[in-house]
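By convention in this document, chain letters (A, B, ...) are assigned in the order of the sequence lines, proteins followed by strands, and residues within each chain are numbered from 1.
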There are 2 protein chains.
Amino acid sequence: MGCFLKYSKYCDFPIENLPYGVFSTSSNPTHRIGVAIADSILDLSEISHLFAGPLLKNYQHAFKEPTLNSFMALSPSAWREARETIQNLLSVDNPTLQNDKELLSRAVCLQADATMHLPAKIGDYTDFYSSIHHATNVGVMFRSKENALMPNWKYIPVGYHGRASSVVISGTPIRRPFGQTLVVEGTPPVYGPCKLMDFELEMAFFVGGSNNLGEPISIEKAQDHIFGFVIMNDWSGEFLTLEFVSALSHPRILALPSPPWVVTTFALEPFLVDNYPQDPEPFPYLKHDDKFNFDISLQVDIAPKGSQVSTTVCRSNYKFLYWTAKQQLAHHTVTGCNVNPGDLMGSGTISGDTSDSFGSLLELSWKGTKPLTLLDGSQRKFLQDGDTVTMKACCEGDSYNIGFGLCEGTLLSAKS
Amino acid sequence: MGCFLKYSKYCDFPIENLPYGVFSTSSNPTHRIGVAIADSILDLSEISHLFAGPLLKNYQHAFKEPTLNSFMALSPSAWREARETIQNLLSVDNPTLQNDKELLSRAVCLQADATMHLPAKIGDYTDFYSSIHHATNVGVMFRSKENALMPNWKYIPVGYHGRASSVVISGTPIRRPFGQTLVVEGTPPVYGPCKLMDFELEMAFFVGGSNNLGEPISIEKAQDHIFGFVIMNDWSGEFLTLEFVSALSHPRILALPSPPWVVTTFALEPFLVDNYPQDPEPFPYLKHDDKFNFDISLQVDIAPKGSQVSTTVCRSNYKFLYWTAKQQLAHHTVTGCNVNPGDLMGSGTISGDTSDSFGSLLELSWKGTKPLTLLDGSQRKFLQDGDTVTMKACCEGDSYNIGFGLCEGTLLSAKS
């Protein structure tokens, strides 16, 4: 597939990717929908009239909206038609766009000149807990090796409701929060800044389409409701909670990548790999035999305050997840829970089975017992004020890569 | 305060109440904001030009919107000005509205002729767990009398993120959900319809105003962010979860009252009572000495399918809550979590200290060991298909009542 815009083999955004995002420019502050191509953005609001296929010709307004929600509300066939239309328009063989210099100048801008925004109005956010290595690590640390995995973990894709309001795009600095901590077991808690600040390496998918309250999305239909994926840092701080993970005292600030590009399931298809082996066999409402797992390389770097040198502290992969996104969605809705276009579903921390592939400092430093040494010689049990955490995700193909952008954020000191 | 519309002393909606809601009529399907007065609704979109006070004259558009979010985004002083303006307009001494027959006919309609809608676009929903009697009952049933309250319970107002998408207005039938249940400890779970469906008697407040991410709302400022209260049924079904209350497998469908009237904090002021005694003393960030607890009588009735006879199964009171709404909000944001106008904060099940004041069937039947006998002779451990649950809340004053409307819903059988 030749694109009339030129890029290198290692570009994150070839014509096979075409991730969606919402951007504005200094000359036009309107939030609008674009797709990343090479180092540029194709502004779909400027070419909405060119979506003239049977499924989109009556929905061109979806490309003129300030978020992706209306487009996400359409069907997978419509999303596919959009992808084919854009690939055609960018094709070296198609004169429509490349020869219309006036339209081209309006419809294409450099990513470097754009300000990115949240791609969708996120109605609800759910965080799953689907990495078997992560769940096992946490279980070993906080319970015991024998009872590492809770007995139900292999029956249900455990998930927690989260807060949509605190999803920010990356680049947003994160302030160390205050809260209550239990210092000595059996004594009253103390109030102060959170001591144990951590990153959590996650990916998440945006829901497409919707279901009515009381009408589950079957495992067979689940893929139709998975619009696309992003990388995500679930910044977390451990505080006193009734339970372990879920309560409010666990401040969660999610950073989507900047630019927050949503990579479609179509672009990921060439990187399908076998699902993680599941034993016991899941219940029929969760069982699917087709592949829905992806080979996506993940990496986390830490750069201390003022340092030019960042250290790669984790190399993991999306494929280590035990539960697939289809199983997450089928389980989420089996009770009749309704989902909406733009809902965000996090994977949970993605850890591999080797100690350099753990997706959080909690695991990498093994609860602080094995500090990491960064390239500048400093050590880390948990994050320090001023640390910048950068996450990357990329599918590495033989002839092209599919990139997700960078997810970056700096931890600020607690406000006194 | 005399109103030119007449009503009885026992009316839920006297001129001292003036709760806000969103409604439409068959002749005008536009969703618009109204206040309940007697058996009528005053349509604020028709009289927005009459909000001419210093704080509202430039915000009259807030009364022409399809939800209360913009109005909730204003300040308590603006809300107070709105209340005073409406009370003036309804006053028997004020000719503006009562003598303008044309405007009056446009601006007043019967509640019976209106269809009610959700009062706000709910961005995020949080459910607290603030009743000491409820938390103790659950602890005794599922742990032991000695360890009934988790050690942290008296230090933090425990809360859980919930899902905003499944908040519905009452009258919406609720379908018994499917999911996984643990039948015998130590054996694999089974999949099927939820057996233990329950109501949970709650109240909730809507957030007014907002805070920036990273900037907590102090306990001193918390009241400024509490717009008003509703009664709520947190329909719940127990399923297999990692933890007890919070995970996805706990299907929560919240029903707001129908009509879903939001009773303002102003209207509740005459019903302020002492806060629940707190020992140990809360941390300074949670401590307030002024009263912010309310004497609101609560009642739950069950009517079996086809029966004309409903049985009152619970009489409780909002004042039994251990943590105040101000403490809930200060704790929620102490980590820097941002809240937005229209966010909903549930109290958790409100139980008193006597066995007829427990706010759920789980407690009333003591985990099924003490079935209730309804007036038609049938017994209940948990809800049965076809049961209609009705909740009422009312402040009973010497010269007037402040009502909240009815919260009603019927449990449908699981879809096979």
Most contacts with chain B, counted as non-hydrogen pairs under 4.5 angstrom, among A/P280, A/S165, A/G214: A/S165
Salt bridge flag under 4.0 Å for residues B/K415 and A/E215: yes
Option that, when pairs with chain A are counted at under 4.5 Å, heavy atom only, ranks first among B/I122, B/D124, B/N338, B/D343: B/D124
Geometric class of the A/Y285/B/Y191 ring pair [parallel <30°, tilted 30-60°, perpendicular >60°]: parallel
Aromatic ring proximity, centroids under 6.0 angstrom, A/Y160 and B/H161: no
Engaged part of A/L149 at the chain B interface, taking heavy atoms whose separation is under 4.5 Å: neither
Matching residue for B/R176 among B/D198, B/D387, B/D385 - test: salt bridge (Lys or Arg N to Asp or Glu O under 4.0 Å): B/D385
Proximal component of A/F283, with respect to chain B [non-hydrogen, under 4.5 Å]: side chain
Under 3.5 Å donor-acceptor, A/S351 side chain and A/H133 backbone: no
Proximal component of B/V339, with respect to chain A [non-hydrogen, under 4.5 Å]: both
Structural part of A/P188 lying under 4.5 Å from a heavy atom of chain B: both
